[in-house]
Amino acid sequence: MSQLTEHPIQRQIIGLALSILAIVVVLVAIHSGFRSKANQIGSQLDNQKARQEIGLSIYQRLFSAKASVFKLSTLDNRLELEIVKKRFDDNLLIIKEGLAILHNGGVFKDQIATNIPGQNSMNLVANYYLPESEGYVLEVLELGPAIHNLDEQAQLLYQLIKSRIELFPNEPADLQVRIHNLIKTINTVLQRTQENAARVLYDSQEKTSQLSIEYKESENLYDSFRLPVVVIALGLSAYLLLVTLTRVGKVIENRKQAEDQLQLLLDTTVEGIFGVDEQGTTTFVNPSASRMLGYSPEELINRSNHQLIHHTRSDGSHYPASECCMLEVLEGGTVHTVDNELFWRKDGTSFPVEYSSNPIYRKGKIVGAVVNFRDISERKQAEKRIRTLLQAIEQSPVSVVMTDTNGDIEYVNRAFEITSGYKANEVLGKNPRILKSDNTPEEHFKELWQAILSGQSWRGELQNRKKNGDLFWERAYIAPVVDETGSTTHYLAVKEDISLQKQQEKKILHQANYDSLTNLPNRFLTLDRLSQIIKEAQRNQHMAAVLFLDLDDFKKVNDSMSHEAGDKLLIQAAKRLKESVRIDDTVSRLGGDEFIILLGSLHTEKEVLPIAEKILNCFKPPFVLDGRELILTASIGISIYPSDGDNPAELLRNADTAMYQSKEQGRNTFNFFTHEMNKGISRRLQVEEQLHGALERNEFQLYYQPILDIAKREIIGTESLLRWHNPILGEVRPDEFIPITEQTGQIIPLGQFVIEQALCTTAQWQNQFSKPFRVAINISPRQFRDPNLIKQIKAALAQCSIPSSSVVLEITEGVLLSGHTYIDDALSELNNLGVTITMDDFGTGYSSLSYLRRYPFGNLKIDRSFINDITIDPADRELVNATIAMAHGLGITVVAEGVETEEQLNYLKQQGCEMAQGYLFSKPIPAVEMKHLLQNKQKLTTA
Ligand SMILES: Nc1nc2c(ncn2[C@@H]2O[C@H](COP(=O)(O)O[C@H]3[C@@H](O)[C@H](n4cnc5c(=O)[nH]c(N)nc54)O[C@@H]3COP(=O)(O)O)[C@@H](O)[C@H]2O)c(=O)[nH]1
């Protein structure tokens with residue numbers, strides 16, 4: 001800064017001084033020129049005067065010499081002669097010296113000063129200037145030899161005069177002549193010399209006058225020049241001084257302005273600025289620095305800057321001043337810009353700074369440093385946020401791709417690498433179309449580019465290809481990235497791998513339309529396809545058929561074996577069904593054991609017959625389940641479009657009705673829908689409807705049929721049989737409503753009602769007649785699946801105070817077929833409880849001997865269908881015989897059901913059958929009647 005302020009003024013002053021000096025030099029040079037010229041003329045004038053004086057002196061000496069010569073001629077004594085001679089010689093010597101000086105220049109001394117004021121003697125300096133005085137001098141010089149010869153002639157004259165004096169008065173005449181001639185000669189020389197000298201003097205006088213004039217003019221010129229020169233010099237100097245002062249003023253003003261601006265800058269800049277000297281002591285500080293650091297300027301100035309604000313590193317360690325980057329410039333280090341250090345505030349807090357330390361030079365020497373800094377907390381936080389964001393993007397589970405406006409990839413994140421299989425360096429600079437699979441319609445890409453080129457975002461799904469060639473689905477959001485001017489700088493794609501979702505959607509779609517067990521179309525898809533078939537049939541004036549197929553007795557298999565076995569059976573059945581129809585026909589599963597076959601493009605109903613028969617036939621070969629062979633049949637109902645309905649629901653319902661007809665007809669058959677069938681269906685619906693709440697309305701009543709000891713013909717117990725009297729439907733047979741209650745689950749509360757009623761009623765009879773009457777209760781398979789069954793029985797035993805030995809539970813073979821362990825456990829527990837278990841309906845099902853051996857049966861009840869023909873049909877007889885023998889072999893008591901004649905009873909008695917029940921003795925009767933029966937006829941002969 002000091003250099004900035006000093007140099008311009010110095011320059012101006014130096015410039016001024018040099019200018020004035022130049023002017024002075026020029027003027028002095030000019031002045032000197034004039035002076036020199038004047039001096040030269042003055043010198044010439046002086047010389048000319050000196051020479052004139054010398055000439056005058058010579059002239060006078062010549063005159064004096066002439067007088068001496070004349071005197072000589074008159075002398076008569078030697079003394080005077082000597083004096084005159086001496087005078088003549090002196091004059092001659094001066095004359096000769098004068099001439100020599102006029103000729104060669106030099107100092108002329110003549111003690112006889114005549115015409116030079118103030119001087120008694122001559123002491124002149126004459127210079128020899130040949131060019132101008134040449135003529136005169138030459139003339140004078142021409143006299144030189146004659147003058148020089150005068151010595152000898154003067155000596156001769158002296159000798160002659162001396163001789164004349166000595167010879168006086170006898171001097172010879174020739175001596176006088178000789179003296180006279182000689183004087184004449186000498187005078188002539190002197191005279192001529194004097195005349196020349198006079199002429200020289202005269203001319204010299206002109207020359208001197210001319211030189212005087214020239215000198216005067218030169219002096220005048222010099223004098224007249226001196227004033228303007230001085231004036232000009234002073235004027236120029238003044239002007240230059242003024243200019244310089246103006247400029248200096250301007251410089252000072254500029255400097256002031258610059259200083260003011262600098263000060264304003266320092267005061268208003270948001271950057272902190274401070275200066276330090278060579279020792280690192282703060283020399284100045286601007287307001288921003290003071291504000292940021294929390295110190296007043298006075299607290300900072302003259303303090304060690306580093307110790308005060310820079311003492312600790314960001315990791316908390318001590319920061320020695322000797323290592324301070326900021327102060328390094330003081331040692332001639334490089335200029336530093338640092339952005340990873342802290343400054344410490346007065347309150348002990350710190351903030352990250354970016355600072356730049358610049359040396360201050362003065363006369364080439366570092367005298368301090370200026371440090372400007374800014375608080376980069378926000379930037380650091382922003383950087384941290386950006387780092388976090390970048391990290392988040394990098395770690396994001398969705399792919400992020402950034403391209404330039406040409407579509408060339410500039411960035412991909414880790415998820416992209418994982419999803420696509422491409423490493424970042426393999427795709428940078430490339431176009432994302434490297435992922436293109438050709439499975440995404442071109443329309444998608446057109447839409448995409450149209451959207452993003454018009455500044456819009458685009459969302460959609462793309463099927464792309466990985467590096468390894470695998471296809472994958474992405475849900476993409478692609479948008480232009482714009483800068484602050486609104487110009488697109490990049491394109492950003494955020495893509496989620498939805499392959500799994502697509503698979504799941506496909507799976508869900510499949511699950512929504514297909515049965516998961518058999519993979520056949522489900523009800524939803526069936527109805528949809530049926531709609532299509534109907535539309536097609538409408539268009540083509542064709543017929544269509546819906547075959548509703550229900551597996552016969554499948555429930556038994558499901559209940560008695562296991563659901564897993566039932567599932568396997570359904571899968572096999574589905575396979576056989578598909579194989580028995582055309583590929584274009586639809587085989588679907590509605591649920592449970594119900595299947596639908598849709599046949600389109602029919603011309604007559606008759607075309608359905610062979611297909612229905614083929615379907616029934618496909619069930620003839622036994623099904624193999626877990627190594628066991630099972631015979632399974634199906635009942636089919638058929639409805640025809642358009643005669644039986646013109647919409648899917650109606651056609652399906654009517655086919656279902658027809659299927660029930662097939663069931664009614666003994667199963668394993670098919671029926672075409674007739675409108676009469678609907679009546680049967682409505683009966684079932686009515687029964688279902690009326691069963692709802694029937695128990696609460698006390699519409700059920702328990703009947704009892706006596707069971708006799710054949711040998712004693714005594715009633716030993718009863719079988720409880722449920723009866724339902726409904727005000728709308730009247731008497732409803734158990735064969736009709738029991739299966740429905742089993743399907744709806746109503747058998748559970750109803751069964752509990754039966755157990756409680758039967759046990760309490762029997763307990764009353766026991767008490768009343770003091771007989772250990774037993775009561776047989778039918779337990780359906782569904783009841784056995786109820787975990788509360790045992791609890792209920794125990795509760796009823798306790799509630800009715802009847803021994804468990806009086807209770808007989810009748811179960812069908814179907815209960816056992818499932819093989820579930822809970823059946824085993826329940827039977828064991830009941831057996832342990834003392835309850836007798838009866839195998840009911842023996843002979844109608846599988847009649848497995850293994851069941852009899854495996855489970856703790858006390859009784860075996862032969863189904864009445866065998867007893868019925870026992871006296872007529874040898875086969876039934878054989879079967880009954882074998883059954884009785886087998887049961888006895890296993891220690892099981894045999895009960896014969898449906899005994900209606902004495903013949904039947906006798907035969908059974910012969911075969912060792914222990915117990916019997918049937919119309920021969922009594923039909924099932926209400927408890928009141930049973931009580932009377934027990935009261936009056938414990939020994940029954942006939943009903
Ligand atoms: N789970 C339950 N099932 C029950 C209950 N009550 C009855 N049922 C079952 O309903 C089926 C039909 O019973 P039902 O109409 O009562 O017929 C029984 C007798 O009336 C009939 N029977 C008895 N002797 C004769 C006869 O000499 N001739 C003839 N034609 N019928 C006769 O047999 C049926 C008794 O059968 P079973 O149970 O096998 O002993 C029937 O299957 C009942 O089990 C109930 O409360 N729970």
Side-chain angles (χ1 to χ4, degrees), residues 555-556 559 687 691 694-695 699-708 710 715 717-725 731-759 761-762 774-786 789 792-793 796 807-815 836-845 847 859-871 894-905 908 915-927 929-930 940 942-943:
K555 193 166 172 4
K556 274 187 185 172
D559 286 346
V687 170
L691 269 174
L695 186 61
E699 292 175 7
F700 292 104
Q701 190 181 4
L702 210 53
Y703 276 44
Y704 297 90
Q705 184 177 36
I707 298 173
L708 281 86
I710 293 178
I715 298 172
T718 61
E719 180 183 1
S720 64
L721 294 159
L722 199 57
R723 296 293 178 263
W724 178 31
H725 180 82
E731 296 296 333
V732 185
R733 287 177 23 244
D735 280 338
E736 190 179 7
F737 73 79
I738 291 286
I740 295 172
T741 61
E742 285 195 348
Q743 283 170 18
T744 61
Q746 286 170 300
I747 191 69
I748 303 296
L750 199 55
Q752 188 176 357
F753 164 79
V754 171
I755 291 167
E756 289 171 1
Q757 282 278 311
L759 260 57
T761 304
T762 305
R774 301 206 294 177
V775 64
I777 301 167
N778 289 287
I779 305 290
S780 75
R782 177 72 182 80
Q783 283 177 278
F784 254 91
R785 293 212 304 273
D786 180 17
L789 178 66
Q792 285 172 6
I793 292 170
V807 178
V808 179
L809 300 182
E810 295 191 3
I811 62 169
T812 59
E813 214 171 7
V815 173
T836 301
I837 312 292
T838 294
M839 167 69 90
D840 199 5
D841 296 342
F842 193 81
T844 55
S847 305
N859 299 336
L860 182 152
K861 186 183 267 188
I862 301 171
D863 190 71
R864 66 175 182 275
S865 59
F866 298 104
I867 303 299
N868 200 30
D869 293 338
I870 196 173
T871 52
V894 180
V895 183
E897 180 192 64
V899 178
E900 294 183 355
T901 65
E902 281 294 342
E903 287 83 2
Q904 291 167 349
L905 184 67
L908 290 165
M915 289 176 278
Q917 69 179 100
Y919 292 172
L920 177 63
F921 311 113
S922 169
K923 286 190 176 181
I925 49 177
E929 289 182 34
M930 190 65 201
L940 289 174
T942 57

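When a ligand or atom number is given, it counts from 1 through the structure's own listing order.
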Visitor: Looking at Val754, which atoms of ligand 1 are within less than 4.0 Å of one of its heavy atoms?
Guide: 46 (O)

Visitor: Do me a favour and list the nearest non-hydrogen protein atom to atom 13 (O) of ligand 1 with residue, atom name and distance?
Guide: Pro734 CG, 3.6 Å

Visitor: Stepwise, does the side-chain contact (heavy atoms from CB on, under 4.5 Å) test hold for Gln904 with Leu920?
Guide: CA-CA 10 Å; Gln904 291 167 349; Leu920 177 63; over 6 Å; no

Visitor: Any atoms of ligand 1 less than 4.0 Å from a non-hydrogen atom of Gly918? List them with their elements.
Guide: 24 (N), 27 (O)

Visitor: Does either side chain, that of Glu731 or that of His725, offer a donor lying less than 3.5 Å from an acceptor on the other one?
Guide: yes

Visitor: At a 4.0 Å threshold, what atoms of ligand 1 neighbour a non-hydrogen atom of Gly898?
Guide: 24 (N), 25 (C), 26 (C), 27 (O)

Visitor: Of all the non-hydrogen atoms in the protein, which one sits nearest to atom 41 (C) of ligand 1, and at what distance?
Guide: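 Minimum-distance protein heavy atom for atom 41 (C) of ligand 1 reads Asp735 OD1, 4.2 Å.
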
Visitor: Please evaluate residues Trp724 and Val687 with respect to the criterion side-chain contact (heavy atoms from CB on, under 4.5 Å), reporting the C-alpha separation (whole Å), side-chain torsions for both, the decisive distance (0.1 Å), and the verdict.
Guide: CA-CA 11 Å; Trp724 178 31; Val687 170; 3.9 Å; yes

Visitor: Considering only protein heavy atoms, which is closest to atom 39 (O) of ligand 1, and at what distance to one decimal place?
Guide: Glu897 OE2, 2.6 Å

Visitor: Evaluate the side-chain contact (heavy atoms from CB on, under 4.5 Å) criterion for residues Ile777 and Ile793: first the C-alpha distance (whole Å), next the side-chain angles of each, then the deciding distance (0.1 Å), finally the verdict.
Guide: CA-CA 11 Å; Ile777 301 167; Ile793 292 170; over 6 Å; no

Visitor: How far is atom 20 (O) of ligand 1 from its nearest protein heavy atom, and which residue and atom name does that atom have?
Guide: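 Protein heavy atom with the smallest distance to atom 20 (O) of ligand 1: Pro924 CG, 3.3 Å.
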
Visitor: Report yes or no: do Glu719 and Asn778 form a side-chain donor-acceptor pair below 3.5 Å?
Guide: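 Present: a donor and an acceptor within the cut-off.
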
Visitor: Below 4.0 Å from any atom of ligand 1, is there a heavy atom belonging to Glu810?
Guide: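 Checking ligand 1 against Glu810, which is what was asked, there is a heavy-atom contact under 4.0 Å.
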
Visitor: For ligand 1, which is the ligand I care about here, please tell me if Gln783 has any N or O atom under 3.5 Å from one of the ligand's N or O atoms.
Guide: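 By distance alone, the answer is no.
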
Visitor: For atom 17 (O) of ligand 1, is there a protein heavy atom at a distance under 4.0 Å?
Guide: no

Visitor: In this structure, which one of Thr838, Asp840, Thr836 forms a side chain to side chain donor-acceptor pair (under 3.5 Å) with Asn859?
Guide: Thr838

Visitor: Counting each atom of ligand 1 from 1 as listed, which ones have a heavy atom of Asn778 under 4.0 Å away?
Guide: 1 (N), 2 (C), 3 (N), 4 (C), 38 (O), 44 (O), 47 (N)

Visitor: Please compare Val895, Ile707, Leu722 and report which has the shortest non-hydrogen distance to atom 6 (N) of ligand 1.
Guide: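 Comparing heavy atoms across Val895, Ile707, Leu722, the nearest one to atom 6 (N) of ligand 1 lies in Leu722.
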
Visitor: Please give me the minimum heavy-atom distance between Ser922 and Gln705, naming the atom from each residue.
Guide: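 That closest heavy-atom pairing would be O-NE2, 3.0 Å.
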
Visitor: Looking only at protein heavy atoms, which one is nearest to atom 7 (C) of ligand 1, and what is the separation?
Guide: Leu721 CD2, 3.5 Å

Visitor: Taking only heavy atoms of Lys861 into account, list the atoms of ligand 1 that are under 4.0 Å away from them.
Guide: 40 (O)

Visitor: Check ligand 1 against Gln705 and write out every atom of the ligand that is under 4.0 Å from a heavy-atom position of the residue.
Guide: 23 (C), 24 (N), 25 (C)

Visitor: Tell me, which protein residue and heavy-atom name are nearest atom 25 (C) of ligand 1, and how many Å apart are they?
Guide: Tyr919 CE2, 3.3 Å

Visitor: Looking at every non-hydrogen atom in both residues, tell me the closest pair between Pro926 and Tyr704 and how far apart they are.
Guide: C-CD1, 4.5 Å

Visitor: What pair of heavy atoms forms the shortest contact from Thr812 to Asp841, and how long is it?
Guide: CG2-OD2, 3.6 Å

Visitor: Determine whether the side chain, the backbone, both or neither of Asp841 has a heavy atom under 4.0 Å from any heavy atom of ligand 1.
Guide: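 For Asp841, only side-chain atoms sit under 4.0 Å from ligand 1.
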
Visitor: Parallel, tilted or perpendicular: which fits the ring planes of Phe700 and Phe737, with parallel below 30° and perpendicular above 60°?
Guide: tilted

Visitor: For ligand 1, is Arg864 a contact, meaning one of its heavy atoms is under 4.0 Å away?
Guide: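 Yes, Arg864 has a heavy atom closer than 4.0 Å to ligand 1.
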
Visitor: Is Glu742 close enough to touch ligand 1? Criterion: a residue heavy atom under 4.0 Å from a ligand atom.
Guide: no

Visitor: Can you tell which of Leu759, Ile707, Leu702 makes a side chain to side chain contact (heavy atoms under 4.5 Å, CB included) with Val775?
Guide: Leu759

Visitor: Who's closest to atom 28 (N) of ligand 1 heavy-atom-wise, of Glu719, Glu900, Gln917?
Guide: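 The option holding the nearest heavy atom is Glu900.
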
Visitor: Considering all heavy atoms of both residues, which atom of Met839 and which atom of Phe842 are nearest to each other, and what is their separation?
Guide: CG-CD1, 3.6 Å

